[in-house]
Amino acid sequence: MKIATWNVNSLSVRLPQVVAWLQTQPVDVLALQELKLTDDKFPHEAFAALGYQSECFGQKTYNGVALLSRYPLHDTVRNIPGLADEQARVIAATAQTPEGPVRVVNGYFVNGQAPGTDKFAYKMRWLEALHAWLRSELAQHPALALVGDFNVAPEDRDSFDPEGLRETIHHTTEERQHFQALLALGLTDAFRCFEQPDKSFSWWDYRMLGFQKNRGLRIDHILVSPPLRGRLAGCSVDRAPRKNPQPSDHAPVVAQFD
DNA sequence: ATGCCGATTGTAAATCGA
């Protein structure tokens with residue numbers, strides 16, 4: 001079984017690339033972020049033609065998340081229960097796999113702009129609410145994957161310039177503590193369970209030849225609970241779609257389970 | 001440095017992302 005996450009930066013623009021990618025990488029579950037479209041424009045049929053059921057939570061212009069699955073999805077939740085949030089950032093559902101139910105929580109975490117701003121304060125509130133909600137999700141769903149665009153580079157090795165960017169957005173101690181708090185719930189960073197190339201990233205700035213110079217960040221993650229950790233067989237970034245014409249600025253991250 | 005990219009809105013130039 002494979003679970004993947006991909007911030008597509010506009011599904012309207014990227015749909016042909018997502019379809020092409022699924023044809024070469026037929027993952028079982030794909031979590032999408034930054035759809036930038038409303039639910040009425042979500043291309044359920046295009047994914048159904050590839051064998052995927054889809055659940056979406058869209059929004060005009062910004063944000064928007066979706067789950068695609070080859071297995072039936074049920075108990076879908078949109079956004080963090082109890083958190084008043086006008087932005088569509090979370091969709092969670094249970095995939096009924098042959099090995100049993102797997103809860104997939106897909107998040108487009110708040111960017112946060114810069115420490116000290118209102119947006120950063122929103123990011124901290126949002127992370128706090130996510131943490132509290134995940135504790136109860138984990139209690140109800142032993143096999144759980146928290147995936148998405150976390151907008152946090154958890155460690156120095158997850159940044160192309162950890163010294164120059166120290167305590168800037170994605171790199172602050174506060175953001176990293178929130179990431180550690182998620183791990184403290186019993187989750188494991190699937191990517192770090194395996195040997196990886198140095199300077200492995202999942203996002204590169206469109207500007208200044210960021211991808212060509214590999215000036216990137218690892219901010220897209222797959223965190224797994226113990227039952228999934230025990231079955232984890234690999235995790236990697238697929239850089240190939242970043243080389244497409246008109247790419248998303250993010251590349252997909254894929255985790256494989258026995 | 002806060003940006004030369006890219007998407008969106010809306011039809012020019014501003015906003016946002018990360």
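- Rounded to whole Å, the distance from CD on Glu175(A) to P on dA18(B) is 12 Å.
- Remark: C1' of dA18(B) and CZ of Arg242(A) are 12 Å apart, rounded to the nearest angstrom.
- Counting heavy-atom neighbours within 6.0 Å of Arg135(A) CZ, excluding the residue itself, gives a total of 12 or less.
- Comparing atom distances between the Asn111(A) side chain and each of dA18(B), dT15(B), dT8(B) picks out dA18(B) as nearest.
- As rounded to whole Å, 12 Å separates atom P of dC16(B) from atom CZ of Arg89(A).
- Side-chain nitrogen and oxygen atoms of Ser10(A) include at least one within less than 4.0 Å of the OP1 or OP2 phosphate oxygen of dT8(B).
- More than 12 heavy atoms of other shown residues, nucleotides or ligands fall within 6.0 angstrom of atom CZ in Arg78(A).
- Among the heavy atoms of the strands lying under 4.0 Å from His250(A) are primed sugar atoms or P, OP1, OP2 only; no base atom is included.
- Counting non-hydrogen atoms under 4.0 angstrom, Lys119(A) reaches the backbone sugars and phosphates but no base.
- Nucleic acid contact for Asn151(A): sugar-phosphate only, since backbone atoms but no base atoms lie under 4.0 Å from a heavy atom of the residue.
- Across all their heavy atoms, Arg239(A) and Ala251(A) have their closest contact at CA-CB, 4.2 Å.
- The side chain of Arg14(A) places an N or O atom within less than 4.0 Å of a non-bridging phosphate oxygen (OP1 or OP2) of dA7(B).
- In this structure, of dG3(B), dT8(B), dA18(B), it is dT8(B) that holds the atom nearest to the side chain of Lys36(A).
- Note on Tyr108(A): only backbone sugar-phosphate atoms sit closer than 4.0 angstrom, heavy atoms only; bases stay farther off.
- For dT8(B), the OP1/OP2 oxygens have no side-chain nitrogen or oxygen of Lys60(A) closer than 4.0 Å.
- Comparing dC16(B) with dA1(B), their P atoms are spaced 22 Å from each other, to the whole Å.
- Side chain Asn9(A) to base dA7(B): no donor-acceptor pair is found below 3.5 Å.
- Along DNA chain B, the nucleotide nearest to Thr61(A) and the one nearest to Gln87(A) differ in position, and the one closer to the 5' end is contacted by Thr61(A).
- Counting non-hydrogen atoms under 4.0 angstrom, Arg215(A) reaches nothing in the nucleic acid.
- At the phosphate of dT2(B), neither OP1 nor OP2 sits under 4.0 Å from any side-chain N or O atom of Gln113(A).
- Rounded to whole Å, the P atom of dA14(B) lies 12 Å from the corresponding atom of dC4(B).
- Using a 4.0 Å heavy-atom distance criterion, Asp149(A) is classed as a sugar-phosphate-only contact.
- Taking atom CG of residue Leu15(A) and atom C1' of nucleotide dA7(B), one finds them 16 Å apart after rounding to whole Å.
- Under the 3.5 Å distance criterion, with hydrogens and angles disregarded, a donor-acceptor pair is assigned to the side chains of Asp220(A) and Ser202(A).
- dC5(B) and dA18(B) have their C1' atoms separated by 12 Å, with the value rounded to a whole Å.
- Comparing the P positions of dT11(B) and dT15(B) gives a spacing of 15 Å, expressed to the nearest Å.
- When rounded to the nearest whole Å, the span between CD of Glu34(A) and P of dT15(B) equals 18 Å.
- Taking the centre and axis of the six-membered ring of Phe109(A), the NZ or CZ atom of Arg89(A) falls outside the cone set by 45° and 6.0 Å.
- Rounded to an integer number of Å, the gap from His170(A) NE2 to dG17(B) C1' is 8 Å.
- Rounding to whole angstrom units, CG of residue Asp161(A) and P of dA1(B) are separated by 12 Å.
- Heavy atoms of Asp220(A) sit nowhere under 4.0 angstrom from any nucleic acid atom.
- In this structure, Asn63(A) atom CG and dT15(B) atom C1' are separated by 13 Å, rounded to whole Å.
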Exercise for the section: Determine, step by step, whether Arg231(A) and Glu99(A) satisfy the salt bridge (Lys or Arg N to Asp or Glu O under 4.0 Å) criterion, reporting the C-alpha distance in whole Å, the side-chain angles of both residues, the deciding distance to 0.1 Å, and the verdict. Expected result: CA-CA 11 Å; Arg231(A) 296 168 48 198; Glu99(A) 294 81 21; 3.7 Å; yes
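- In this model, no donor atom of one side chain and acceptor atom of the other lie less than 3.5 Å apart for Thr38(A) and Gln59(A).
- Nucleotides of DNA chain B nearest to Gly112(A) and Met208(A) differ in position, and the one nearer the 5' end is that of Met208(A).
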